[in-house]
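See below for the structure under consideration.
Chain letters run A, B, ... following the sequence lines, proteins first and then strands; every chain starts at 1.
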Amino acid sequence: MALRFYNTLTQQAEIFSPLQDNVVRMYTCGPTVYNFVHIGNLRAFTSQDILRRWLRARGYRLDHVMNITDVDDKIIRNAAAAHKSIFDYTEGYTKAFLEDTATLRLERPERLVKATDHIDDMASAIHKLEERGYTYRSDGSVYYRIANFPEYGKLSHNDFSGIRAGARVDVDEYDKADARDFVLWKAQKEGEPGWETPLGPGRPGWHIECSVMAMKYLGETLDIHAGGVDLIFPHHENEIAQSEALTGKPFVRYWLHSEHLIVEGQKMSKSLGNFYTLRDLLEKGYSPEAVRYLLASVPYRKKLNFTFDGLKAAATSIERLRNYKIRLETSKFPEGSNEKMTERTRAAQNAFEAALDDDLNTAEALAAVFEYIRDTNTAMDSGEFRAGNVQEALDYLARFDAVFDVLCPSASAAGLSEAEIEALVAERSAAKKAKNFARADQIRSELAEKGVVLEDTKEGVRWKRL
RNA sequence: GGCGCGGUAGCCAAGUGGUAAGGCAGAGGUCUGCAAAACCUUUAUUCGGGGGUUCGAUUCCCCCCCGCGCCUCCA
């Protein structure tokens, strides 16, 4: 089954193949670094991480560009309030963003690019748009005239044909000829940061950075452009208008948009008190893997209802996966190999791949893994699962984890060393042999307090950290 | 109003024109010094409501109800 993605542009699932060879050139809209990213942002970035990993699993090489918006109204406002330059102000949140995404095990894109490093490129692009007659000036600012781009609206599927240039709307406030026109270059105002360019002093509008940086690094036509659904209009619509006006070529072949996350059934907002950053959740004691699992477990085009029950369920689900892996690694199985198990593994692998090929259906992919685990656990209990089947099962888990990446626990800061744990385990075994169960239980609870769980099995005691 | 997404068991959630995946939680059981892990059984005659098409619809069509997003810079 071929890899397919739902394309916002065509409103259909389409078979994916890159324009050139096996390299996927993709661009994703990164953060505006005026604050810590919240779990809604991270849902989108997690979807993109799953996308990245699955493309690689399917044999593609990636050239992925993500932008960091480090100049915009909110940044200017907040930096001024903090009495900092926008550079000092955004530096801290850029660093925090990189830390948070690393904590969530999100792969770094091949290129991370900042808007402020590309001011000249943007000014040139705007100048070129002026030459081509797509713009007009007003009070030192440059606007894009959407009336000159007939295809405007093709991504968001809005019909703007009724809007005529010259039908002035909110003239006093915006100085725009048309309500849908958008700013390419903002004239510098008193006390605001600005750049000297042939366009005059000012700063870029939001949309131009993505068009310019995407095409600078990836060429005039990208394979994939991804972001949250809220960016479809106006941001991505405007990117198309800018880019295609510049090149006359299709800007993006596959537009992928992830749905929003809601919290306990409601829109996440600071006023409702249900606004969370990753840092908030870690402080409450949840693991990064649990957050990652929850964000990844709902297919990206579905709204994700983020709940604390769900977060706990995610943590328990991860435990089940890890316990299974530990069982594979530590148990003794009968000699030989069972061909039926090999076939079962192959079927599970096929189901997993088919699910992700189908527009990254992560829920179905997880179902394939859990069904396999239940079946092989049963086979282990009955003795049908043989030593010769261990490696294929571990390989399957590895392929699962190459995408979901939740099996390896995050390093806990404190705790006992392995040697200390082993010593206590040995002491407890001796106490048990001597029927000193009081001491045995005492050691169990001591270790439990330090996050180490003991399990007595036929093959002896095994322990794991929580 | 326009465009778009969705309403499936206590919760999260997959799915298909042919009779409901998976996870979590709950109940009972096997195993166990206790526990853990694991397994087994059990939890939707039913997929927001009402019509229609069909041999047959949760899945297609129509209407209605409810929730959500976007419609000037929010993933």
Side-chain angles (χ1 to χ4, degrees), chain A residues 8 11 28-32 37-48 69 72-74 153 156-160 162 169-170 173-174 176 179-183 186 205-207 226-235 237-238 257-262 265-269 293-294 297-307 309-321 323-324 326-327 331 351 355 358 361-371 373-375 377-382 432 435 437-438 440-441 444-445 448 453-458 461-464:
Chain A
T8 306
Q11 299 179 295
T28 57
C29 290
T32 300
V37 289
H38 55 71
I39 54 174
N41 298 316
L42 290 170
R43 198 270 167 112
F45 297 137
T46 302
S47 302
Q48 291 156 14
T69 301
D72 92 320
D73 290 347
K74 285 190 291 284
S156 56
H157 304 286
N158 283 317
D159 181 6
F160 295 108
V169 180
D170 289 343
E173 195 178 344
Y174 293 107
K176 293 192 290 192
R180 308 285 172 174
D181 288 347
F182 58 92
V183 68
K186 290 187 177 186
W206 175 36
H207 313 294
V229 286
D230 56 315
L231 296 181
I232 296 171
F233 189 88
H235 185 53
E237 197 74 73
N238 292 351
H257 291 99
S258 55
E259 252 299 346
H260 276 179
L261 165 156
I262 55 178
Q266 291 184 295
K267 182 175 180 175
M268 181 168 71
S269 73
Y293 183 99
L294 180 56
S297 63
V298 177
Y300 77 99
R301 287 203 300 124
K302 292 280 205 172
K303 275 197 239 319
L304 189 159
N305 188 11
F306 185 96
T307 65
D309 280 349
L311 199 49
K312 286 175 198 136
T316 311
S317 298
I318 292 171
E319 272 309 297
R320 183 168 159 80
L321 295 163
N323 286 331
Y324 176 75
I326 290 168
R327 186 176 191 186
S331 294
D358 183 13
N361 190 335
T362 49
E364 206 169 297
L366 286 171
V369 173
F370 281 106
E371 281 181 75
I373 287 178
R374 191 191 55 234
D375 286 355
N377 263 322
T378 303
M380 288 176 195
D381 288 349
S382 70
K432 268 176 63 179
K435 302 259 190 244
F437 294 122
D441 289 348
R444 180 197 287 287
S445 59
V453 174
L454 300 185
E455 293 172 11
D456 294 334
T457 73
K458 289 194 183 82
V461 184
R462 71 188 178 202
W463 58 268
K464 66 187 180 191

Taking for A/G227 and for A/I232 the nucleotide of RNA chain B with the nearest heavy atom, the one nearer the 5' end belongs to A/I232

On RNA chain B, check which nucleotide each of A/N305 and A/Y293 is closest to and give me the residue with the more 5' one. A/N305

Options [options], nucleotide nearest the side-chain atoms of [X]:
X	options	result
A/V298	B/rC40, B/rC12, B/rA37	B/rC12
A/Q11	B/rG4, B/rA13, B/rC24	B/rG4
A/H38	B/rG69, B/rC71, B/rA75	B/rA75
A/D230	B/rC70, B/rG4, B/rG33	B/rC70
A/K432	B/rG6, B/rG33, B/rG69	B/rG33
A/R444	B/rA13, B/rC71, B/rA35	B/rA35

Nearest-angstrom distance, C1' atom, B/rG48 to B/rC5: 16 Å

Please answer whether the main-chain N or O of A/G153 pairs with a side-chain N or O of A/N158 as donor and acceptor at a distance below 3.5 Å. no

For B/rA27, the nucleotide meeting Watson-Crick or G-U wobble distances (both under 3.5 Å) is B/rU41

Under 5.5 Å between ring centres and under 30° between planes: does that hold for A/F370 against the base of B/rG22? no

For the residue pair A/F182 and A/H207, categorise the inter-ring angle as parallel (less than 30°), tilted (30 to 60°) or perpendicular (more than 60°). perpendicular

If you take atom types as modelled and just measure distance, does the side chain of A/D456 reach the base of B/rC34 with a donor-acceptor pair under 3.5 Å? yes

